[in-house]
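Worksheet for the structure shown next.
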Amino acid sequence: MPGGRTKRVPEPKLIFEKSRPGRIGCNVPRCDTPEVDLSKALGKTRAELDLPEVDELTLLRHFTNLSQINYGIETGFYPLGSCTMKYNPKVNEATARFQGFANLHPMQPEATIPGAFEILHGVQSMLCEITGFDHITLQPLAGAHGEMTCLMLIKAYFEARGESQRSVVLVPDSAHGTNPASAARCGYDVKSIPTDADGNTDLVALEKALAGEDGQKVAALMLTNPSTLGLFEPNIEKICNMVHAVGGQVFCDGANMNAMVGTTRPGDHGFDCMHLNLHKTFSTPHGGGGPGCGAIGLKDHLAPYQPVPVIRKEGENLVADYDRPLSIGRVAAFYGQFLMEVRAYTYLRAFGREHMADISRFSVLNANYVRARLKDVLPPAHNRPCMHECILTAEKYKKEHDVRALDISKRLIDYGFHPPTNYFPLIVPECLMIEPTETETKETLDEFCDAMISICHEAVENPDLLHDAPSTSVVGRLDETLAVKQLDVRWKRPQPVGV
Ligand SMILES: *Cc1c(COP(=O)(O)O)cnc(C)c1O
């Protein structure tokens with residue numbers, strides 16, 4: 001089989017099972033503080049705590065072997081869609097560890113951190129230029145947090161204008177779940193706008209929702225561009241004009257900005273504000289819940305409400321401005337995730353103005369390459385070139401061979417690849433959402449496409465291979481519902497027989 005493991009990895013023993021009383025893996029230095037009697041402090045003896053006791057090599061091998069059965073971007077290709085880039089250049093880690101950055105204290109007087117302000121302001125200015133917005137704030141800690149902050153600003157803007165009766169936020173049915181959640185969190189009623197047969201926003205439905213015939217007035221439209229269908233919205237200017245004509249605001253979900261960096265700018269398309277995910281498009285680590293940065297871009301009319309502190313130029317100096325009477329206040333502690341900004345700064349400067357567009361060109365080229373190579377076995381949901389990701393449907397295998405998108409994904413594990421995103425966006429039946437990203441080689445994409453084509457042939461000739469997959473991983477197919485309902489995550493020492 002190409003690119004992968006072929007036999008099931010034996011289930012690793014837990015470190016508790018490897019434990020033998022009295023074994024020691026390291027020498028602890030002599031205690032230089034008053035000793036505390038552990039059993040008194042905890043009310044348990046050491047033996048009763050039942051901690052694993054292993055020798056040094058057993059310990060080393062245990063964790064090294066566990067790390068080998070993990071799958072990550074450093075072990076293989078990762079086609080998950082709607083998460084954009086998964087590339088975390090090592091040089092970012094080197095700069096984020098510079099003593100001058102890593103050892104800063106958040107309470108340090110601002111006069112002592114001009115270099116940190118230089119980084120924050122540098123990222124802000126570069127992102128302004130990339131997005132076409134007048135202001136950037138780096139405070140929000142995740143994409144969803146950036147979305148919510150934008151909606152809070154829109155709300156403050158309408159309140160200041162005496163238009164707080166606007167109570168509806170429109171969200172297309174292809175949107176990421178965080179969009180309606182952010183709107184609801186800000187107290188808005190969410191209305192779903194359908195997608196038309198070409199994968200675009202249904203303009204007739206939008207017109208109707210904007211007319212507010214039910215007496216409810218629209219505050220904003222949240223639009224993802226390119227959409228989660230991997231498609232650029234061709235009517236974007238028209239849509240922004242339609243919303244503005246009834247006095248509404250347009251928010252851009254910019255999590256997919258790697259399809260556009262250096263090529264086109266949401267600020268020029270008519271959006272009033274947007275969020276970016278530095279932990280997607282701008283190469284900072286992603287996953288495990290963060291730390292992320294959901295930077296937001298704003299046009300001038302929303303700037304008075306932006307969160308404090310605002311890092312801005314005052315004469316020759318950079319200052320943190322807290323004196324903003326209309327500000328919604330703080331949305332994060334201190335300056336946000338400062339070391340994320342150092343990483344994003346490193347990445348932005350590494351590409352520079354002249355190479356920024358390469359990012360979007362390669363991400364779009366790679367996705368269209370995969371789409372073209374797979375189109376005969378897995379038809380695209382829409383018949384036009386895609387942006388940074390391609391959305392394919394496995395519907396015919398379900399109808400003819402009882403093979404579902406999930407079966408294809410599970411079989412991919414046997415071929416040594418991480419599966420793509422399944423069943424999202426919700427509006428595409430048997431959906432497989434593949435995002436190769438801008439950083440993969442043609443050879444890697446070919447290995448992946450060869451595996452997908454081979455799996456689609458298996459789906460026809462021997463569907464049970466797919467139903468039973470994965471067969472080479474430590475854990476086989478789980479009953480996912482049961483796994484959630486009956487969490488079994490704690491090891492209990494087996495009782496000796498006869499006790
Ligand atoms: C990832 C993503 C988000 C949310 O970002 P988080 O940092 O995960 O909160 C929102 N919209 C789209 C399209 C995304 O891909």
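Counting convention: from 1, in listed order, for ligands and their atoms alike. Owing to the predicted nature of the structure, the values given are computational and were not obtained by experimental measurement.
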Is the distance between the ring centroids of His418 and Phe77 less than 6.0 Å?
->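 Not close enough - the centres of the two rings lie 6.0 Å or further apart.
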Does either side chain, that of [X] or that of [Y], offer a donor lying less than 3.5 Å from an acceptor on the other one?
X	Y	value
Tyr369	Arg373	no
Asn258	Glu438	yes
Tyr335	Glu110	yes
Thr346	Thr95	yes
Glu159	Ser164	no

Any ion pair linking Lys410 and Asp407 (charged N to carboxylate O, less than 4.0 Å)?
->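 Result for this pair is no, no salt bridge flagged.
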Candidate with minimal heavy-atom separation from atom 9 (O) of ligand 1, of Ala144, Ser174, Pro226 |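 Nearest option to atom 9 (O) of ligand 1, by heavy atoms: Ala144.
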N or O contact, [X] vs ligand 1, cut-off under 3.5 Å:
X	value
Asn179	no
Lys280	yes
Asn277	yes

Atom 11 (N) of ligand 1: nearest protein contact (heavy atom, Å) |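 Going by distance alone, atom 11 (N) of ligand 1 is nearest to Asp253 OD2, 2.6 Å.
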When you look for heavy atoms under 4.0 Å from ligand 1, do you find them on the side chain of Ala255, its backbone, both, or neither?
->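 The part of Ala255 near ligand 1 is the side chain, not the backbone.
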Under 4.0 angstrom from ligand 1, any heavy atom of Glu147?
->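 The answer is yes, since Glu147 has a heavy atom less than 4.0 Å from ligand 1.
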Give a yes/no on ligand 1: does Ser82 have at least one heavy atom closer than 4.0 angstrom to it?
->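 Heavy atoms of Ser82 do come under 4.0 Å of ligand 1.
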Atoms in ligand 1 flagged as close to His279, the criterion being non-hydrogen separation under 4.0 Å =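 Near His279, the atoms of ligand 1 are 7 (O).
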Quick one: does atom 7 (O) of ligand 1 have a protein heavy atom under 4.0 Å from it?
->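 There is a protein heavy atom less than 4.0 Å from atom 7 (O) of ligand 1.
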